[in-house]
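I have placed the structure first, in the form of structure tokens, so that the comments after it can refer back to it.
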Amino acid sequence: PVQPVFTLIQEIGKVSERDMFNTFNMGIGMVLAVAKASVDTVRTLLPDAVVLGEIRQGDERVTLS
């Protein structure tokens with residue numbers, strides 16, 4: 001979940017969602033980038049871990065879905 005401080009920054013600064021995600025980690029905290037084949041192993045070792053997305057080649061810096 002997005003922490004309230006980020007919502008406040010976005011509202012007061014009139015910052016777009018896209019710019020918020022390009023600038024801040026939006027309260028996610030630590031991020032591990034692992035091979036797709038390692039996801040199950042990581043989730044076994046870190047049961048609270050969640051899959052946020054995937055890294056793909058492209059022209060955009062952040063794509064929200």
Side-chain angles (χ1 to χ4, degrees):
V2 174
Q3 300 299 309
V5 67
F6 296 113
T7 304
L8 182 64
I9 291 169
Q10 185 174 10
E11 289 174 1
I12 291 175
K14 295 181 175 53
V15 181
S16 72
E17 184 176 50
R18 179 186 196 88
D19 286 343
M20 290 296 293
F21 276 88
N22 280 336
T23 305
F24 302 105
N25 75 3
M26 299 301 289
I28 293 168
M30 184 172 70
V31 174
L32 299 174
V34 301
K36 198 175 246 185
S38 300
V39 170
D40 289 339
T41 301
V42 171
R43 295 195 74 199
T44 298
L45 296 170
L46 302 168
D48 292 335
V50 296
V51 176
L52 296 174
E54 62 182 358
I55 299 172
R56 297 184 297 188
Q57 184 174 351
D59 296 330
E60 298 292 324
R61 291 180 13 191
V62 173
T63 302
L64 302 175
S65 55

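The structure displayed is predicted, hence computed values, not measured ones.
Applying the side-chain hydrogen bond (donor to acceptor under 3.5 Å, both in side chains) test to Asn22 and every residue at least two apart in sequence or in another chain returns nothing. In this view, Thr41 and Leu45 satisfy the side-chain contact (heavy atoms from CB on, under 4.5 Å) rule, not counting sequence neighbours. In this structure, Thr44 has no side-chain contact (heavy atoms from CB on, under 4.5 Å) partners at least two apart in sequence or on a different chain. Checked against side-chain contact (heavy atoms from CB on, under 4.5 Å), Ser38 has the following partners two or more places apart in sequence or in another chain: Val34, Ala35.
Under the ring-ring contact (aromatic ring centres under 6.0 Å, His included) criterion, the residue pairs touching residues 22-51 are Phe6-Phe24, with sequence neighbours excluded. Applying the salt bridge (Lys or Arg N to Asp or Glu O under 4.0 Å) test to residues at least two apart or on different chains, none of the pairs has a partner in residues 39-51.
Summarising the geometry of Leu46 relative to Leu32, their closest heavy-atom pair is CD1-CD1, 3.7 Å, with the distance given to 0.1 Å. Nearest heavy atom pair, residue Glu54 against residue Lys36, reads OE1-NZ, 3.7 Å.
Tracing side-chain contacts under 4.5 Å through hydrophobic residues (I, L, V, M, F, W, Y), one reaches Val42 starting from Val51; they form part of the same cluster. Hydrophobic clustering (ILVMFWY, side-chain heavy atoms < 4.5 Å, transitive): Val5 and Val15 are in one cluster.
Distance check: Thr7 OG1 to Glu17 CD gives 10.0 Å after rounding to the nearest 0.5 Å.
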